[in-house]
Amino acid sequence: MCFGNLTPQLASIQYSLADKVTESDDFRRLERVGGVDISFSVDNKAVAAAVVLELKGLEVIETKTLETELFFPYIPGFLGIREVEPSLSVLNTLKHDFDVLMVNGHGIMHPRGFGLASHVGVLRDCPTIGVAKRLIDERYINVATQRHHAEDQFLISKNGCVIGAFFRGKYVSVGHRISLKTALNVVERTSIFKTPEPIRQAHLLATETFKNILEERG
DNA sequence: GCGACAG
DNA sequence: ATCTTGTCGC
């Protein structure tokens, strides 16, 4: 009901956890990429979906879905609070492991440096990449960067520090345990369409599953 | 009064 | 995010 009142405390938690985020490649191999996404309706009933695919060939080797419910409202800057638990839950049902995970939402390119992708990465302690269609708030972006918005690819910095990049129509940033350079490389290598395959497949799966559940009930 | 606020 | 029809183009 009045979860909005918790934002000050939640923001404090995000600041603390943001300190745990690392931005260097912290994994042995890079062969399998995971993807996670959540589909939901106005009543917050939801379906979380996770996929694992081979980086080489982009073949999906495993898919899992989880019927659930979201208990925290959507508040810009706090998407992580809303979606991290279902995301971690569905990921835990996967039999196959992955080397890096792609998440539908920002990583450190966030007001407090801790978006959904970072929540998932730090809490699960795995490499994650944040991919989003839009910025949370342009006020956090350098004026200099905005001037280059016409270009199709550029780095985005905040207070003189690079926090992510605009790449092929998407905003990409480090979630955890990976460098922006590698993150961009993974996004590039998994892009067949505008949306990278890991999150695209996860999104399709979540949406389809949710739709089926709804109609098999009326 | 109104200003591009992830999904 | 989701709700929806047509439409443009390969």
Side-chain angles (χ1 to χ4, degrees), chain A residues 3-4 7-8 10-11 14 17-18 21 35-50 65-91 101-122 128-143 145-150 156 158 163-176 183 187 192-196 198-215 217-218:
Chain A
F3 292 114
T7 53
L10 295 172
Q14 291 181 320
L17 293 176
V21 172
V36 63
D37 188 45
I38 297 177
S39 179
F40 62 89
S41 53
V42 288
D43 59 356
N44 285 325
K45 295 300 180 185
V47 167
T65 61
L66 174 66
E67 195 178 337
T68 182
E69 185 170 0
L70 304 179
F71 298 100
F72 192 80
Y74 168 66
I75 299 174
F78 298 91
L79 178 66
I81 306 299
R82 177 173 166 80
E83 300 189 350
V84 70
E85 191 279 322
S87 299
L88 293 173
S89 294
V90 73
L91 287 171
L101 175 69
M102 206 173 282
V103 180
N104 209 318
H106 293 296
I108 64 174
M109 192 158 68
H110 173 276
R112 291 166 291 283
F114 202 70
L116 173 61
S118 294
H119 282 70
V120 176
V122 170
T128 59
I129 299 171
V131 179
K133 304 179 191 68
R134 307 160 52 183
L135 291 171
I136 293 181
D137 189 329
E138 283 205 33
R139 286 178 296 182
Y140 293 102
I141 307 306
N142 282 351
V143 176
T145 303
Q146 293 183 42
R147 294 212 190 89
H148 298 297
H149 212 294
I156 295 173
K158 173 181 176 182
I163 56 174
F166 182 72
F167 183 72
R168 297 189 174 186
K170 303 288 182 186
Y171 290 96
V172 179
S173 64
V174 170
H176 186 46
V187 168
I192 297 177
F193 303 107
K194 274 299 182 183
T195 302
I199 53 181
R200 176 172 167 276
Q201 292 295 342
H203 181 266
L204 289 174
L205 179 59
T207 304
E208 287 306 301
T209 303
F210 193 37
K211 190 184 69 177
N212 292 330
I213 289 179
L214 290 181
E215 60 188 38
R217 291 182 179 175

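Any value given below was found using the heavy atoms of this structure, including those in side chains, with hydrogens, waters and symmetry copies removed. Each chain gets a letter, A, B and so on, in the order its sequence line appears, and its residues count up from 1.
Remark: ring of A/Tyr171 does not overlap the six-membered base ring of B/dA6 in a stacked fashion, as centroids less than 5.5 Å apart with planes less than 30° apart are not both met.
Residue A/Ile192 contributes atom CD1, which lies 17 Å from atom C1' of C/dC10 at whole-angstrom precision. Distance A/Leu79 CG to B/dA6 C1': 6 Å, rounded to the nearest Å. Following rounding to the nearest Å, A/Asn44 (CG) and B/dG7 (C1') show an atom-to-atom distance of 11 Å. As a whole-Å value, the separation of A/Arg134 CZ from C/dA1 P is 9 Å. Note: CD (A/Glu215) to C1' (C/dT2) measures 15 Å, nearest angstrom. Separating the CD1 atom of A/Ile38 from the P atom of C/dA1 is a distance of 12 Å, rounded to the nearest angstrom. Computed from coordinates, the A/Leu204 CG to B/dG7 C1' distance equals 16 Å when rounded to whole Å. Between A/Leu10 atom CG and B/dA6 atom C1' there is a gap of 16 Å when expressed in whole angstrom units.
Looking at DNA chain B, no stem turns up: there is no run of 3 or more consecutive Watson-Crick or G-U wobble pairs with key distances under 3.5 Å.
As judged by a 4.0 angstrom heavy-atom cut-off over every strand, A/His119 is placed among residues making no nucleic acid contact. Among the protein residues, A/Gly77 comes within range of the nucleic acid bases, having at least one heavy atom under 4.0 Å from a base atom. Among the atoms of the strands shown, none is found under 4.0 Å from any heavy atom of A/Phe210.
Between A/His203 and C/dT2, a side-chain N or O to OP1/OP2 separation shorter than 4.0 Å is present. Distances shorter than 4.0 Å separate some side-chain N or O of A/Lys133 from OP1 or OP2 on C/dA1. Side-chain nitrogen and oxygen atoms of A/Ser39 include at least one within less than 4.0 Å of the OP1 or OP2 phosphate oxygen of C/dT2. For the pair A/Thr207 and C/dT2, the criterion of a side-chain N or O lying under 4.0 Å from OP1 or OP2 is met.
A/His106 places a side-chain N or O within donor-acceptor distance of the main-chain N or O of A/Arg134, the cut-off being under 3.5 Å. Within the 3.5 Å criterion, the main-chain N or O of A/Gly77 finds a donor-acceptor partner in the side chain of A/Gln14. A/Ser173 places no side-chain N or O within donor-acceptor distance of the main-chain N or O of A/Gly164, the cut-off being under 3.5 Å.
There is a side-chain donor-acceptor pair under 3.5 Å between A/Arg82 and A/Asn44.
Distance check, rounded to the nearest 0.5 Å: CG of A/Leu66 to CD1 of A/Ile38 gives 8.5 Å.
Considering only heavy atoms from C-beta on, A/Leu101 comes within 4.5 Å of A/Leu91 through its side chain.
Residue A/Lys170 qualifies as enclosed at atom NZ: its count of foreign heavy atoms under 6.0 Å is above 12.
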